[in-house]
Amino acid sequence: MSAQVSRTVIDSLEFARTGQTLRGRLPVSGLSRLRDSLYDAFGAVDFVVQGGQDTRRRPTLSLEVSGVLHLKCQRCLGHFDFSLRLGGSLLLASAAEAAASRLDDEEVEWIEAGPELDVGSLVEDEIILCLPYSPRHAEKECPAGRPDPGEDASRSAFAKLAALKRNLN
C-alpha cells in the first residue's frame with residue numbers, strides 16, 4: 001500500500017495483526033507542528049510503516065522515516081540541512097494494558113492502539129522526537145563563526161591580545 005496524502009488513517013491493531021506495510025511521502029509543508037524549527041517548508045519526507053509482532057507476540061509497528069529538513073541554525077539563524085534517518089519499533093497497547101504491565105518500566109517505546117491511528121501525525125511525532133534541541137551548523141561551517149573575508153586577522157582584537165600575551169612572556 002502506498003500513500004501520498006498527509007491524512008492516512010489505519011486501524012493499528014488490524015494493521016499489525018495482518019502484517020501490512022504502508023509506504024508514503026509527506027510534504028514538509030504539511031508538518032505544521034515542525035514549523036517553528038524549520039527554516040523553510042520545502043521538500044518531503046518518505047516513510048515506511050510495517051505491522052508485526054515482537055518476540056512476546058505483542059502487536060508492533062515498525063517505522064522508518066528519511067528525508068532532508070531545512071532547519072534554522074541557532075547560531076546564525078540561517079539555512080541548515082538536517083539529514084533525517086530514523087527507524088524503530090513501537091509496541092501497540094491500550095492504556096489499561098500499559099498500566100497493568102508497567103510498560104513505562106520497560107525499555108520499549110509504546111503508543112496507544114486504536115482503530116484510527118493517523119499515520120501522518122505518528123510520523124511527525126517521531127520526527128519531533130529526533131530533532132536536535134539546538135540545531136546548528138558544524139563549528140567551521142557556520143557563517144556566523146567564519147571571519148569576515150575583508151577583515152585583516154592581524155588587526156582583530158583577539159589577534160592583538162595574542163600578540164600582547166606573547167610579548168609579555
Side-chain angles (χ1 to χ4, degrees), residues 1-10 12 21-51 60-92 103-112 114 116-169:
M1 186 185 298
S2 182
Q4 290 209 7
V5 294
S6 60
R7 180 88 172 125
T8 301
V9 177
I10 62 171
S12 58
T21 300
L22 175 67
R23 297 175 191 280
R25 173 171 277 193
L26 293 173
V28 173
S29 61
L31 304 174
S32 61
R33 291 179 289 145
L34 283 176
R35 283 198 184 118
D36 288 341
S37 300
L38 298 174
Y39 182 81
D40 60 39
F42 295 121
V45 293
D46 296 313
F47 69 87
V48 178
V49 180
Q50 182 161 5
T60 62
L61 293 178
S62 296
L63 179 65
E64 294 178 20
V65 183
S66 63
V68 175
L69 297 176
H70 300 165
L71 300 183
K72 194 181 308 177
C73 174
Q74 296 303 301
R75 235 184 238 129
C76 68
L77 300 178
H79 176 264
F80 170 65
D81 283 341
F82 179 72
S83 293
L84 184 65
R85 291 249 184 273
L86 63 98
S89 186
L90 301 166
L91 182 65
L92 297 171
L103 287 179
D104 289 334
D105 295 341
E106 291 186 34
E107 297 268 335
V108 64
E109 291 186 46
W110 67 276
I111 60 171
E112 191 166 347
E116 294 187 7
L117 176 65
D118 182 346
V119 175
S121 292
L122 175 65
V123 170
E124 188 172 12
D125 288 344
E126 292 300 312
I127 292 171
I128 289 169
L129 290 170
C130 87
L131 288 179
Y133 180 72
S134 179
R136 54 185 174 251
H137 293 101
E139 204 58 46
K140 294 180 181 177
E141 294 175 11
C142 189
R146 291 187 203 142
D148 185 2
E151 179 183 308
D152 183 3
S154 65
R155 301 182 84 194
S156 75
F158 290 109
K160 289 179 182 179
L161 182 61
L164 180 62
K165 194 172 177 183
R166 277 191 303 268
N167 289 340
L168 291 176
N169 292 331

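In this chain, numbering begins with 1 at the start of the sequence shown.
For F82, the ring pair (Phe, Tyr, Trp, His ring centres under 6.0 Å) criterion is met by no residue, not counting sequence neighbours. H70 pairs by the ring pair (Phe, Tyr, Trp, His ring centres under 6.0 Å) definition with H79, not counting sequence neighbours. Scored by the side-chain hydrogen bond (donor to acceptor under 3.5 Å, both in side chains) test, S134 finds R136 as partners (sequence neighbours excluded). For R33, the side chain to side chain contact (heavy atoms under 4.5 Å, CB included) criterion is met by S121, E124, D125, I128, not counting sequence neighbours.
L92 places a side-chain heavy atom less than 4.5 Å from the side chain of I111. The shortest distance between side-chain heavy atoms of E109 and S89 does not fall below 4.5 Å. At a threshold of 4.5 Å between non-hydrogen side-chain atoms, the residues T21 and V49 do not count as touching. For the pair I10/V119, a side-chain contact is recorded, criterion being any heavy-atom separation below 4.5 Å from C-beta on. Side-chain contact between L69 and I127 is present, with at least one heavy-atom pair separated by less than 4.5 Å.
The backbone N or O of G114 lies less than 3.5 Å from a partner atom in the side chain of S12, making a donor-acceptor pair.
Identified under the salt bridge (Lys or Arg N to Asp or Glu O under 4.0 Å) test for residues 36-48, with sequence neighbours left out: R25-D46. For residues 79-89, there are no salt bridge (Lys or Arg N to Asp or Glu O under 4.0 Å) pairs, not counting sequence neighbours.
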Item to complete: Assess whether side chain to side chain contact (heavy atoms under 4.5 Å, CB included) is satisfied between T60 and L90, documenting all intermediate values.
Response: CA-CA 5 Å; T60 62; L90 301 166; over 6 Å; no

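Scanning both residues, C130 and L86, for their nearest heavy atoms gives SG-CD2, 3.4 Å.
Summarising the geometry, atom CZ belonging to F47 is positioned 10.5 Å from atom CZ belonging to R23; distances are rounded to the nearest 0.5 Å.
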